[in-house]
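To start, the structure itself, in structure tokens.
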Amino acid sequence: MVEQFQAPKGTHDVLPVESYRWQQLVASFAQVMGGAGYGLVQSPMFEDIGVFQRLGEGTEVVRKEMYDFYDKGERHLALRPEGTASVVRAFNQHRPTVPWKVWYVTPCFRYEEPQAGRFRQHHQVGAEALGSADPDLDAELIATQHDFYQRLGLKSVSLRLNSMGSANDRRAYTEHLAAWLGQRLDDLDPQDHPNASEHPLRVLDSKRERSRRIIAQAPHITDFLSDEARAHFERVQAGLDALGVAYELDTRLVRGLDYYTHSTWEFASAALSGAQNAVGGGGRYDGLAESLGGKPASGVGFGAGIERILLAADAEQALDTDGGAVEVFVVDVCGGSAGRDITFELRRNGISADRAFDGRSMKAQMKVADRSGARVALLVGTDELAADTVTLRYLRSGEPQVTLLRSGLVEQLAPLLARA
RNA sequence: CGGGCCGUAGCUCAGUCUGGUUAGAGCGCCGGGUUGUGGUCCCGGAGGUCGGGGGUUCAAGUCCCCUCGGUCCGCCCA
């Protein structure tokens, strides 16, 4: 017996009918972003590992979840753990005119233990605007992301917003926080001790009960904002207010990616439970382009997890799997030649059509026709073949069946389909 | 990294606690009936190394040990 292969741990196949929801989701995203002047960017799924390492020392996905490997040329590469780094690298490499507004859809890889809504390969849609520090772009991206969820019919999604200030503000706050936490180590959960000194911002994310009690009293980043950073943040909020996007300010929101400055935000779904309730998030990143070897350039963007969104959609019964069905199903019990020819005649004239294969019985073919979702079946039996006709049978209504002439089929069919 | 649960028909699962005739159901597949040769209704049939290995027993899907795989929770993230 030969080994039976299956998808690697933490990965999954997306098959019809489920994949139809993916198509809808991605199509919606393309439409929303395209309609806002964002163009599609396709970049490699793997990069020199340095591209991702520059995302920051405190970034969990970089520290311990990187899916890295050496190629035959001894290059140290890594599969992308998130979408922004490649886009910024591409921006540095090609120097497009700014603001450069792009969107993407991509798999993301993180080597970790899989769980509900958490995979080794998951998929994200996302968008970035590079080369401009205008706070209206922060607001534009947040509002567009919001509109995207709305368009999908998600009602339980809520937005939390924070500002990390400028790089200097962030640094000053981080140092202050480290010192503050250092004096209260005994009150923190022991598991958070390493982060308290190494990555103090991560501690704000802690969900451990004991730590949370202390965190509630921690100093607020917003008290460390420079006038400029404060003005930026206020403009973003004014934008969201004007655009009717509800949000909640949360000074503890730091997010897992280390590179954020100024705006940082996260959309969570109340329909998802536990630690996997984030359906997307983003922020501004002032230093990233430079740390990737480019000229200083600001940028802002977000990512949203497709699997998470679909989990939320499940819970809310949004985004159905209906649709994707052909209009016509051709049943041929006379060898399949007529079925083959009619199917293509319809398709080439813009009518979607499918047929049965393997010379199955009329009964079996009709069952397939029924399940296919097609509205009508076209039947070719010996009678029809002899008379050069085709029988049209309605599969979704009780209307009586109709005999059509084999020639000029498309012209006869079009009006019937239009009202069926 | 720590912990829970699950591997039985192509698919979704029951049966395992309390070991005992030929291991079941629904869907799918094939055939028959009804039908306008013709989906939905009815009847029948095919299909199973009970994840793998070892052990206990007169007897193991069921109990014990080992092992492989999946899944979920915590931490963190999408």
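As a basis for the values below, the full set of heavy atoms in this structure was taken, side chains included, without hydrogen atoms, waters or symmetry mates. The shown structure was predicted, so the numbers you read here are calculated from the model rather than taken from an experiment.
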Item to check | Aromatic ring pairing A:F224/A:H176, orientation class (parallel under 30°, perpendicular over 60°, tilted between) | outcome: tilted
Item to check | P atoms of B:C30 and B:U40, separation to the nearest Å | outcome: 12 Å
Next on the checklist: Nearest to the side chain of A:A278, heavy atoms from C-beta on, is which of B:U37, B:C75, B:A78?
Outcome noted: B:A78
Checklist entry - On a whole-Å scale, what distance lies between the P atoms belonging to B:A23 and B:U37? => result 43 Å
Expected list for residues 25-42 of chain A: side-chain donor-acceptor pairs under 3.5 angstrom, two or more places apart:
{"from": "A:S28", "atom 1": "OG", "to": "A:Q24", "atom 2": "O", "distance (Å)": "3.4"}
{"from": "A:Q31", "atom 1": "OE1", "to": "A:R151", "atom 2": "NH2", "distance (Å)": "2.9"}
{"from": "A:Y38", "atom 1": "OH", "to": "A:E140", "atom 2": "OE2", "distance (Å)": "2.6"}

Next on the checklist: Between A:R21 and A:E18 (salt bridge meaning N to carboxylate O under 4.0 Å), is one present in this structure?
Outcome noted: yes
Checklist outcome for this item: By nearest-heavy-atom nucleotide on RNA chain B, the more 5' of A:Q124 and A:P8 is A:P8
Expected rows: protein N/O vs nucleotides 39-41 of chain B N/O, under 3.5 Å:
{"from": "B:G39", "atom 1": "O4'", "to": "A:M366", "atom 2": "O", "distance (Å)": "3.4"}
{"from": "B:G39", "atom 1": "O2'", "to": "A:D370", "atom 2": "OD2", "distance (Å)": "3.4"}
{"from": "B:G39", "atom 1": "N7", "to": "A:R393", "atom 2": "NH2", "distance (Å)": "3.3"}
{"from": "B:G39", "atom 1": "O6", "to": "A:R393", "atom 2": "NH2", "distance (Å)": "3.3"}
{"from": "B:G39", "atom 1": "N1", "to": "A:L395", "atom 2": "O", "distance (Å)": "3.4"}
{"from": "B:G39", "atom 1": "N2", "to": "A:D370", "atom 2": "OD1", "distance (Å)": "2.9"}
{"from": "B:G39", "atom 1": "N2", "to": "A:L395", "atom 2": "O", "distance (Å)": "2.4"}
{"from": "B:G39", "atom 1": "N3", "to": "A:D370", "atom 2": "OD1", "distance (Å)": "3.3"}

Next on the checklist: Is there, by distance only and without an angle test, a donor paired with an acceptor across the side chain of A:T382 and the base of B:U37 below 3.5 Å?
Outcome noted: yes
Item to check | Span that lies between the P atom of B:U67 and that of B:G47, in whole angstrom | outcome: 37 Å
Next on the checklist: Whether A:R360 contacts B:C30 is assessed here as follows: a side-chain N or O lying under 4.0 Å from the phosphate OP1 or OP2. Is that the case?
Outcome noted: yes
Item to check | Atom pair distance, as rounded to whole Å: CD in A:Q6 and C1' in B:G52 | outcome: 14 Å
Could you list the donor-acceptor pairs under 3.5 angstrom formed between side-chain atoms of residues 333-345 of chain A and any protein atom two or more places apart in sequence or on another chain?
{"from": "A:T343", "atom 1": "OG1", "to": "A:G339", "atom 2": "O", "distance (Å)": "2.4"}
{"from": "A:E345", "atom 1": "OE1", "to": "A:R406", "atom 2": "NH1", "distance (Å)": "2.9"}
{"from": "A:E345", "atom 1": "OE1", "to": "A:R406", "atom 2": "NH2", "distance (Å)": "3.4"}

Item to check | Interatomic distance at P, B:G51 relative to B:U8, whole Å | outcome: 6 Å
Next on the checklist: Using whole Å, what does the distance between atom C1' of nucleotide B:G74 and atom CD of A:E209 come to?
Outcome noted: 14 Å
Next on the checklist: Applying side chain to side chain donor-acceptor pair (under 3.5 Å), can you list everything that pairs with A:R355, at least two apart in sequence or on another chain?
Outcome noted: none
Next on the checklist: Please name the nucleotide paired to B:C27 by Watson-Crick or G-U wobble geometry with both distances under 3.5 Å, or report none.
Outcome noted: B:G10
Next on the checklist: Can you check the distance between B:C5 and B:C64, where both ends of the measurement are the P atom (answer in whole Å)?
Outcome noted: 13 Å
Item to check | Atom C1', compared across B:U22 and B:C11: separation rounded to whole Å | outcome: 25 Å
Next on the checklist: Side chains of A:S163 and A:R284: any donor to acceptor distance under 3.5 Å?
Outcome noted: no
Next on the checklist: Between A:F233 and A:H262 (judged by ring centroids, cut-off 6.0 Å), do the two rings come close enough to count as a pair?
Outcome noted: no
Checklist entry - In whole angstrom, what separates A:D205's CG from B:A78's C1'? => result 14 Å
Checklist entry - Between B:G7 and B:U49, how far is it from one C1' atom to the other, in whole Å? => result 14 Å
Item to check | Atom-pair distance (CG on A:N277; P on B:G74), nearest Å | outcome: 10 Å
Next on the checklist: By the salt bridge (charged side-chain N to carboxylate O under 4.0 Å, His left out) test, which pairs, at least two apart or in different chains, include something from residues 183-199 of chain A?
Outcome noted: A:D192-A:R208
Checklist entry - Which part of the nucleic acid, if any, lies within contact of A:V279, taking any heavy atom under 4.0 Å across all strands shown: a base, the sugar-phosphate backbone alone, or nothing? => result sugar-phosphate
Checklist entry - Checking all strands, does A:G303 fall into the base, sugar-phosphate, or nothing category for heavy-atom contacts under 4.0 angstrom? => result nothing
Checklist entry - Would you say a side-chain N or O of A:S361 is under 4.0 Å from OP1 or OP2 of B:C30? => result no
Checklist entry - With both distances kept under 3.5 Å, what pairs with B:C50, Watson-Crick or G-U wobble? => result none
Checklist outcome for this item: Partner of B:C5 under the Watson-Crick or G-U wobble criteria, both distances under 3.5 Å, comes out as B:G70
Checklist entry - Do A:T391 and A:Q401 have side-chain atoms, one donor and one acceptor, less than 3.5 Å apart? => result no
Item to check | Separation of the C1' atoms in B:U71 and B:C27, to the nearest angstrom | outcome: 23 Å
Item to check | Earlier contact from the 5' end, RNA chain B, for A:K9 and A:I309 | outcome: A:K9
Checklist entry - Hey, can you pull the residues of residues 110-121 of chain A with a non-hydrogen atom under 4.0 angstrom from RNA chain B? => result A:R110, A:E112, A:E113, A:Q115, A:A116, A:G117, A:R118, A:F119
Checklist entry - Where does the angle between the aromatic ring planes of A:W22 and A:H123 fall among parallel (under 30°), tilted (30 to 60°) and perpendicular (over 60°)? => result perpendicular
Checklist entry - Atom CG of A:L385 and atom P of B:U37: how far apart are they, to the nearest Å? => result 16 Å
Checklist entry - Is a side-chain donor or acceptor of A:D354 paired with a backbone partner of A:F329 at a separation under 3.5 angstrom? => result no
Checklist entry - Atom NE2 of A:H199 and atom P of B:C75: how far apart are they, to the nearest Å? => result 19 Å
Checklist entry - What's the CD-C1' distance between A:E65 and B:A78, to the nearest Å? => result 11 Å
Checklist entry - Roughly, in whole Å, what's the span from CG in A:D13 to P in B:C11? => result 14 Å
